[in-house]
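First the structure, in the form of structure tokens, and then the observations on it.
The sequence lines fix the lettering, A, B, ..., with proteins before strands; numbering per chain opens at 1.
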Amino acid sequence: MKPKFYVTTPIYYVNGAPHIGHAYTSIAADVLARWKRLDGFDVFFLTGTDEHGQKVEKAAAAAGLDPRGFADRVAADFRDMADKMGLSHDDFIRTTETRHTATCQELWRRIADNGHIYLGHYEGFYAVRDEAFYDESELTTKPDGTRIAPSGAPVEWVREPSYFFDLSKWQDKLLRFYEENPDFIAPNSRRNEVMSFVRGGLNDLSISRTTFNWGIPVPDAPGHVMYVWLDALTNYLTATGWPDESAERWGFWPADVHLIGKDIIRFHAVYWPAFLMAAGLAPPKRVSSNGWWTVEGEKMSKSLGNVIEPRNLVATYGLDQVRYFFMREKPFGADGSMSHASLVTRINVELANDLGNLAQRSLSLIARNCEGRLPARGEATAEDTALLDAANALPGLVRDKMDRQVFHEALEDVWKVIRAANGYIDRQAPWALKKTDPARMAVVLRVLVDAMRPVAVVLQPFMPRSMANMLDQLGVPVEARDIASLAAPLADGTALPPPSGVFPRHVEEAA
RNA sequence: GGCGGCGUAGCUCAGUGGUAGAGCAGGGGAAUCAUAAUCCCUUGGUCGGUGGUUCAAAUCCGCCCGCCGCUACCA
């Protein structure tokens, strides 16, 4: 039986339209999910939308819709974005589904039964936009007398009864958990921040609201709906069918990794494990957070008008090209920048020139000089062996990098082999061997195919369509494209299709 | 204010004690199988500043400057 692997994206808040940040985290999760499938795991890849809360209620009203209708519309947009990004998710969860209500309410009951919830009273300055309370000291007063939160959101004085989660009691348990699970939070800089935050002491957390209705009702507490983050985080559990042990996805919890943006680390790395432990459940194994993109050197913002719609990016540069750029250009956990120039450089230099042209020049030599059939392997020279060894080491190298979400390093490992292959073909010069030693020429061309095979196989998660095309051209059977299949050599004499470019160069449109 | 991180070639960054590295960009050459692609060679840096430890520091320690993140908040 295959080992299980459960990876998630955040569920996206339907308050606004999909943007680069959503697409980026989702593509990273997809790359990881595809890699694990390729590497022999039974994968469950979840994405979806977060649809409750006062912000949605208000946004819906502003749009002249009821919350449900509004959420339907935006959720459909996120689903479309997922399709356009080529996501291979196994489930798309919406927090407005009945299965989710059931799981949330049961989780609440377990936490309450274990004595971690009490009814209290909250009053304070509340910012609807942030869905958060603020202490008076955090606020600034504008000249007109209104107060605003540090985020710039307007606040209002709110007084309401509220259920509380006894988060203050979890400080030591959380710290012990972080110590015992050093890989729980990535990157390490974020881990330090989280631990520092928890060491500073935790306050009990208000986990219900009575001022609006668009949420999941608290069990046996009329008028109370659940705090949006308790609702939202629980989606990861809902999708596994919990608490139904006969559910199809039972056994996937705890999740192997939650991929998230750096803005929601606290919820995932502090609140979420505390909620779960309070309910007697295992925390996720890892929370890996990513940084932001700047565009042409500037932060993306609505006011600057430079917000990039991921589907437009894909329309301009191509899906696999964008996926590659995202994973290649910056470390996953760090901030980074994208620009037209940097996209074109990656696409033309690395995809078209380095990899695409390597395939093209090798395969056209085979087409012309070997009757379009895969040459047999011959006696390997030291140079042959060096190249093949480097190529065959890729699965192990990539596996290690994937497990740590250092995607850009995995790709660098692959490109080292691609560059070595270009050096190899130049030195061996099969076009010259054609006249002097045709037998050796055939061996050289076979070495190139054998080196490109693992390259194309491990790149599949990053660029599924392009690599399917390349593997077709390399004569790798569709059913033999996983990591395990690399152990068996390709059949000598396999007929190869006429070569055609895998990656076109990006040429500027004439103005 | 506290905690943490960063500051290395024009650009993006790797390098944690032993005479400075990669990719891109720039320059020169080779080759001409290939998507005018490739390969080789090469210019370029007082490794933020300063003081110290050491036979030896980008690498360890102190201080300073600049940038960033998390967090806290007083008169």
Pick base, sugar-phosphate or nothing for A:Arg190, based on heavy-atom distances below 4.0 Å to the nucleic acid. sugar-phosphate
Regarding the side chain of A:Asn357, the nearest nucleotide among B:rU38, B:rC70, B:rU71 is B:rU38
Figure out the NE2/P separation between A:His506 and B:rC24, and round it to whole Å. 19 Å
Would you call A:Lys330 and A:Asp335 a salt bridge, taking side-chain N to carboxylate O under 4.0 Å as the test? no
For atom CG of A:Leu343 and atom C1' of B:rU12, their distance in whole Å: 14 Å
Do nucleotides 25-33 of chain B as a string where each nucleotide becomes B, S or -: B if the base has a protein heavy atom under 4.0 Å, S if just the sugar-phosphate does, - if no protein is that close. -------SB
B:rC63 versus B:rU59 - spacing of their P atoms, nearest Å: 15 Å
Taking B:rA14 as the reference, what is the distance to B:rC6 when you measure between their C1' atoms (whole Å, please)? 14 Å
Any salt bridge linking A:Lys285 with A:Asp256? Criterion: basic side-chain nitrogen under 4.0 Å from a carboxylate oxygen. yes
Under 4.0 Å between a Lys/Arg side-chain N and an Asp/Glu carboxylate O for A:Arg440 and A:Asp384? yes
Between B:rC64 and B:rC24, how far apart are the two P atoms, rounded to whole Å? 41 Å
Euclidean distance, atom CZ of residue A:Arg328 to atom P of B:rC13 [Å, nearest integer]: 13 Å
With sugar-phosphate meaning primed atoms plus P, OP1 and OP2, does A:Gly356 contact a base, only sugar-phosphate, or nothing at under 4.0 Å between heavy atoms? base
Residues A:Asp166 and A:Lys169 bridged, charged N to O under 4.0 Å: yes
Between A:Arg190 and A:Glu193, does at least one N-O distance fall below 4.0 Å, as a salt bridge requires? yes
Around atom CZ of A:Arg419, are there more than 12 heavy atoms of other residues, nucleotides or ligands at under 6.0 Å? yes
Measure from the side chain of A:Phe503, starting at C-beta and using heavy atoms only, and say which of B:rG23, B:rU35, B:rG69 lies closest. B:rU35
Rounded P spacing from B:rA30 to B:rC47 in Å: 37 Å
Check A:Arg176 with A:Asp172, please: is the shortest side-chain N to carboxylate O separation under 4.0 Å? no
What is the distance, to the nearest angstrom, from the CD atom on A:Glu409 to the C1' atom on B:rA22? 13 Å
For the C1' atoms, the ones on B:rA20 and on B:rU43, what distance do you get once it is rounded to whole angstrom? 16 Å
Tell me: CG of A:Asp335 to P of B:rC67, nearest whole Å? 17 Å
If you pin A:Arg427 and A:Leu355 to their nearest nucleotides in RNA chain B, which one's is more 5'? A:Leu355
Students often mix this up, so state it plainly: with edges at 30° and 60°, are the rings of A:Tyr24 and A:Phe332 parallel, tilted or perpendicular? tilted
Using whole Å, report how far NZ of A:Lys262 lies from C1' of B:rG69. 7 Å
Donor-acceptor under 3.5 Å (A:Tyr178 side chain, A:Val194 main chain): no
Rounded to whole Å, please give me the gap between CG in A:Asn192 and C1' in B:rC6. 14 Å
Between A:Pro504 and A:Val194, the residue closer to the 5' end of RNA chain B by nearest nucleotide is A:Pro504
Mind checking the C1' distance from B:rU19 to B:rC61? Whole angstroms is fine. 24 Å
RNA chain B contacts made by residues 447-460 of chain A, counting heavy atoms under 4.0 Å: none
Can a donor-acceptor pair be found, under 3.5 Å and without considering hydrogens, that links the side chain of A:Ser208 to the backbone of A:Tyr163? yes
So, is A:Asn353 near the phosphate of B:rU38, with a side-chain N or O under 4.0 Å from OP1 or OP2? yes
Which ranges of RNA chain B pair up as stems, where a stem means three or more consecutive Watson-Crick or G-U pairs with both distances under 3.5 Å? B:1-7 with B:65-71, B:10-13 with B:21-24, B:26-30 with B:38-42, B:48-52 with B:60-64
Roughly how far apart, to the nearest Å, are B:rG10 and B:rG5 at atom C1'? 26 Å
Can you tell whether the side chains of A:Asp403 and A:Arg399 come within less than 4.0 Å, N to carboxylate O? no
Does a sphere of radius 6.0 Å around CZ in A:Arg311 hold more than 12 heavy atoms from other residues, nucleotides or ligands, not counting ones at 6.0 Å or beyond? yes
Please report, rounded to the nearest Å, how far the C1' atom of B:rA37 is from the CG atom of A:Leu358. 11 Å
What nucleic acid atoms does A:Asn369 come within less than 4.0 Å of, heavy atoms only: base, sugar-phosphate, or nothing? nothing
Is it true that, when you exclude A:Glu371 itself, more than 12 heavy atoms of the residues, nucleotides or ligands shown sit nearer than 6.0 Å to its CD? no
Please give the distance between the P atoms of B:rC11 and B:rG48 as a whole number of Å. 14 Å
Among B:rG23, B:rG4, B:rA37, the one nearest A:Arg419 by side-chain distance: B:rG23
Among B:rC39, B:rU71, B:rU35, find the nucleotide with the atom closest to the side chain of A:Arg266. B:rU71
To the nearest 0.5 angstrom, please state how far the OG atom of A:Ser168 sits from the CG atom of A:Leu202. 7.5 Å
